[in-house]
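Here the structure is laid out as structure tokens; the discussion comes afterwards.
Order of the sequence lines sets the chain letters (A, B, ...), proteins ahead of strands, with each chain counted from 1. This structure is a prediction, so every number in the text was calculated from the model and none was measured.
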There are 2 protein chains.
Amino acid sequence: MRLRRRGWPVRGDEATPVPGEGQQEQQVTTPTVYDVADRAGVSIATVSRVYRNPDSVKAKTRERVLAVARELGYVPSGSARGLASRSTGVLGLCFPDYTDPETETAAGDDDDAQVLYADQVIRGMERAARRHGYALLISASLQGGAEQLIGGMAGQVDGFAVLARTVSTEDLDVYSRRLPVVMLAGPREIDRLDHVEVANFDGQRELTRHLVEVHGLTRLAFVGGPEDSPDAEARFQGYQAACRDAGLPAGDEPDLRRAMTRADGREAVQQLAFRPGGLPQGLLFANDQMAVGAMEELISRGVRIPTDVAVTGFDGIPLGRMVRPSLTTVRQPMRRLGETAVELLLRRLADRDRAPESVMLPVSLALRASCGCGDAE
Amino acid sequence: MRLRRRGWPVRGDEATPVPGEGQQEQQVTTPTVYDVADRAGVSIATVSRVYRNPDSVKAKTRERVLAVARELGYVPSGSARGLASRSTGVLGLCFPDYTDPETETAAGDDDDAQVLYADQVIRGMERAARRHGYALLISASLQGGAEQLIGGMAGQVDGFAVLARTVSTEDLDVYSRRLPVVMLAGPREIDRLDHVEVANFDGQRELTRHLVEVHGLTRLAFVGGPEDSPDAEARFQGYQAACRDAGLPAGDEPDLRRAMTRADGREAVQQLAFRPGGLPQGLLFANDQMAVGAMEELISRGVRIPTDVAVTGFDGIPLGRMVRPSLTTVRQPMRRLGETAVELLLRRLADRDRAPESVMLPVSLALRASCGCGDAE
DNA sequence: ATGAAAGCGCTAACAC
DNA sequence: GTGTTAGCGCTTTCAT
């Protein structure tokens, strides 16, 4: 026999003589399978079946159970279900808190300028997950501290995706021993993980080549990201390769490294302007946010884009289309990133022993006004 | 004594003599508190404490437990935790699958044009939730069917927000008896719910007044949404009120009702053009998507905006800024919607007996080119 | 087709 | 500070 929680009268053949079904309106505890079973005159197993495998229950019984459930306001507990069945029907996504602090404040009401990378990945994952009957649990890692949250998430999902540089490799190692984890848009980090990456190298090389071959630029500069950002590094290498191919000089290092925010872009312009030789003809940034910041600064200094200097970014954030001149960039297939993550996760869920898989997603150029392409727009 | 699952050797003073700690590398089952406790030589309660309330455990013990946990790859099970503690640390959000099917296909690579309403709400909720130590579970309701998912969500969160018209009132009634639910951007529907709405009426009235007073338009038409969309209705009523105030004619019904997609906007233009008197001077739509569709159609017919016809929307989606002419609209504070939802949810979690609360969020006009304001942009 | 019973992994008293 | 123990609400054999 099973006791009711919170000092409730015990059920069935216990001591205390209970006044029967008298108190139906009194919603005191949240109803459980037991309550429904009791009231419907069936066993808890049958109640469970009604939800998990309706066809295994006689239609009439099923209706009765469902009616009682509705009446009682019964909703199956996801936790209990998860515990008993060892699966939650939820996939997770961890992403860094990308917010450019400046955009945050500067934009004010203009919420919309700010939709970045992560939103698209979320969107892609949500839809793919839903198609397969999963929900999506999302959580940004507040940088520095509270890995608490991602730990919490790890316990609550059947598997999850991590945007690069969100979770420490060490933690990742622990989590990925317990459940499927897929790395998104970075290096795989841990061999056993599945992994989706984006053609950073190819994209940047192609873009650089465009500047050289189509626009005939020869004096270029590349503003990279932190050394520990593999995306930024791969982009730089693409730039490098294109330069070499074209017989142009290209150092072993980006001309400048920055943290990749808008403010960094502005600063970069300042620095570059005072170097011997001044500004280059083409200014390539490792991401769109920096490029946008740079354009702001350049324009405020009276520099004409693209006439005096061509500017390019990488990512394809919406903001890049809204600025004037519109920003030439390399568009990442962010939604597809999310979709691919779901597919990999499900495949691994279906077969834990598959060999780890690595998918590379292609990128495409968005040639717009800031390099001299596109119309006025 | 407690048996191990899956036919594992029993622990401790049981029959089978077990070969001690010999098999450490053999990760066969996912480790639990028991495994950690055993190996660290403490009780499961202590392991639990290390995670829930670290300070209640002696530093040395804590380190030992943590070390073992890391070694074993232990991650606390969210389900078990949720079941035992009756709370999950997760908040939920249900939203309709807003996708404009046309945008979907037409946009092709242009992922970004498509960031709509829901993304912003998600963003706002995610951040607010995270600040309070919660994660966010999201799930769009595939229209017609599979309320399965939202049922699943309901069982897995401590409370959730619902974007209007996503979940049937009937289901909502059941869920909201079990956990806190807040209605977003629609009517409250159920009295006991908390509720956040947006000043649809005020916004549309102000926008209409702008058209009349600033631009001097007198022949207006309003294209509304379905009758059962309270937002669309409130907007229409705001329009109506402004017309009356200005002494202009305004029917009891929108000049046209449509389902609010882009295609609907185009069709609306077709219909209106062939009405006696032809197109009005000002064409107001109940949302941005329709307005954008309408502009496309008008432009393709050689109609000049805003010279011949002024067009306005409602929502403030990013797309509205990208189209030419840029769309005059009423901007909803979508991020704040999400934040407010979290606040209400948490307040109710803290005190289930609070009186239900209803918050109205202000909107603001975005006066752009399609009404004759703003610059060329 | 339905019931009985044994856990799933953890938390929360309550002892010591 | 740490251990014991009784559930949390469900799924799942195994019988019937």
Looking at C/dC8, I'd like to know if its phosphate oxygens (OP1 or OP2) sit under 4.0 Å from a side-chain N or O belonging to A/Arg86. no
Given C/dG9, C/dT2, D/dT12, identify the nucleotide with an atom nearest to the side chain of A/Arg52. D/dT12
Is there a donor and acceptor pair, one atom on the side chain of B/Arg49 and one on the base of D/dG3, closer than 3.5 Å? yes
B/Arg81 CZ to C/dC8 P: how many Å, rounded? 19 Å
If you compare every side-chain N and O of B/Thr46 against the phosphate oxygens of D/dG3 (OP1, OP2), does one of them come in below 4.0 Å? yes
B/Tyr51 OH to C/dC10 P, straight-line distance once rounded to whole Å: 9 Å
Looking only at C/dA4, D/dC8, D/dG9, the nucleotide nearest the B/Ala84 side chain is D/dC8
Listed nucleotide nearest any side-chain atom of B/Ala80, set C/dT11, D/dT12, C/dC10: C/dC10
Nucleotide nearest A/Ile44 when distance is taken to its side chain, options C/dA5, D/dG9, D/dT4: C/dA5
Reckon A/Ser85 has a side-chain N or O less than 4.0 Å from the OP1 or OP2 of C/dC8? no
Between C/dG9, C/dA4, D/dC10, which one does the side chain of A/Ala45 approach most closely? C/dA4
B/Asp35 CG to C/dC10 P, in whole Å, measures 9 Å
Which residue lies more 5' along DNA chain D, comparing B/Leu83 with B/Ser56 via nearest heavy atoms: B/Ser56
Looking at C/dC10, I'd like to know if its phosphate oxygens (OP1 or OP2) sit under 4.0 Å from a side-chain N or O belonging to B/Ser77. no
Does A/Tyr34 make a side-chain donor-acceptor contact with the base of D/dC8, cut-off 3.5 Å? no
Using the rule given for salt bridge (Lys or Arg N to Asp or Glu O under 4.0 Å), can you reason through A/Asp173 versus A/Arg177, listing the C-alpha separation, both sets of side-chain angles and the distance that settles it, and then say yes or no? CA-CA 6 Å; A/Asp173 180 58; A/Arg177 267 151 76 189; 3.6 Å; yes
